[in-house]
Amino acid sequence: MSVSYQPVIWNRTKIIYDAVLIVAIVAYVLIFLKLGPMLSPAMAETNPPILRMRAFGSLALILLTVVLAIGPLARLDVRFMPLLYNRRHFGVMTAIVAATHAWYVLAWYFAFSPTPQLLALFTSNTSFAQVSGFPFELFGVFALTILAVLAATSHDFWLSFLSPAIWKAIHMSVYAAYAAVVLHVALGALADGRNAALGVFLFASLGTLCALHLIAGRRERAADKAGSPEVDRTGWIDIGDVSEIAENRAIIGAAPGGERIAVFRSKGKLSAISNVCSHQNGPVGEGKVVLGLVTCPWHGYQYRLEDGCSPPPFKERIRKYRVALSGTRVLVDPEPLPLGTRLEPLAIPEDTLAAPAAPSGG
Amino acid sequence: MQRRHRRAHAAIWTLLAIVLPVALAVIFLSYPRLSRDAPAIRLDEPGKTAAGQS
Ligand code: FES
């Protein structure tokens, strides 16, 4: 979150995240190039430039698999949430590794091409009519192009310039890139039938990612369907019991249209705000109140409880909702207030307050 | 907004979970194989194709 756009706003967490990532990448490449030939006779017989392109190619597949698994894992288990924090650096790193693989391919296979290397890449194999021998390189080029565009537009400047909805839509093309990578590997690196480890990893990657995304999606659908019950045809919805809300935490309900609403409890008062973060639609209600500000668990954007606005000089805003208590039941008017509307948090009466809050999750 | 995004997400992954395994099956079944009466001693390594180089 920043007022002006800086290339990267570094902090300790980001530095540690990136350092771990870089060390893991270097370790993988070194193990592949140094240990691989010692352990596998087939790798020992392979030319070093080919080994290098395989090291970076397989690493790109691994990184892409991990980066695509982070989202659903964080939805299924909050312990994976820290991985989300700097996921875009992970994505940029994946694009760099994939580009290195492509660079080695061009430098080796097309080094002595009479035509320019890129032209040769597109014209040397035109067996489009057959599956085996299909120019699999094109799938790689397609995937790399998408990864490069996503890396280039990963900065918050583009998020704000394009609007979160359009930015998110563009960034969903990473799934097309993944599909292209799967086909690129299956038609290319696996075609000689000698790379069993890569074959096993490809199937494991595809199976795991499909299962994770479908399970996480199913959970979300169930939550959408459950919705929050309407109270006596007043239009207001019953979100839950005040005792379910831990101090500085929220419970989340769903409006009839499916929009999720978070009700926070802080210092004996209740505030209802949209569960959708204005940054990247993160689940604000899964965050907590830090120093009086609701803090999104994904990247730490903050909002004031009374009006849903980020504190100055920031300009982000999310919607506020009216909240009421009926006994110990928390009711919310699912009709959002205009952005920026100030509504003082609702004080919980003394006798209701006596009921203990749910234990805080930390 | 969040709901539309979730729906698009579910549709994409359902599609990938169907299309990619089928595509992989087709690809693996169409890899060249030696015919049954191919000579036992060969100069080329079995199954090695130009496509398998990278
Ligand atoms: S989604 Fe990034 S801070 Fe909320």
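By convention in this document, chain letters (A, B, ...) are assigned in the order of the sequence lines, proteins followed by strands, and residues within each chain are numbered from 1. Since this is a predicted model, take the numbers as computed values, not measurements. Below, all heavy atoms of this structure are taken into account, side chains as well, without hydrogens, waters or symmetry copies.
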Asker: Parallel, tilted or perpendicular for A:H213 and B:W13, by the 30°/60° rule?
Answerer: parallel
Asker: Measuring from A:E220:CD to B:H5:NE2, what's the distance to the nearest 0.5 Å?
Answerer: 10.0 Å
Asker: Is there a side-chain contact between A:R221 and B:R6 (heavy atoms, below 4.5 Å)?
Answerer: no
Asker: Who passes side chain to side chain contact (heavy atoms under 4.5 Å, CB included) against A:L73, sequence neighbours left out?
Answerer: A:A69, A:F80, A:L212
Asker: Heavy-atom distance under 4.5 Å between the side chains of A:L183 and B:I27, does that happen here?
Answerer: yes
Asker: Restricting to non-hydrogen atoms, name the atom on A:L214 and the atom on B:A10 that form the minimum distance, rounded to 0.1 Å.
Answerer: CD2-O, 4.2 Å
Asker: Do you know which of A:N195, A:V182, A:N125 has the most heavy-atom pairs under 4.5 Å to chain B?
Answerer: A:V182
Asker: Quick one: are A:L190 and B:F28 in side-chain contact, heavy atoms under 4.5 Å?
Answerer: yes
Asker: Does any backbone or side-chain atom of B:L20 lie under 4.5 Å from a heavy atom of chain A? Answer side chain, backbone, both or neither.
Answerer: both
Asker: For A:F56, which residues count as a ring pair (Phe, Tyr, Trp, His ring centres under 6.0 Å) partner, sequence neighbours excluded?
Answerer: A:Y104
Asker: Could you state the interatomic distance from CG (B:L15) to SG (A:C210), rounded to the nearest 0.5 Å?
Answerer: 10.0 Å
Asker: Considering non-hydrogen atoms only, spot the tightest contact between A:A186 and B:L24 and give its length.
Answerer: CB-CD2, 3.3 Å
Asker: Would you mind reporting whether A:L209 and B:L16 have side-chain heavy atoms less than 4.5 Å apart?
Answerer: no
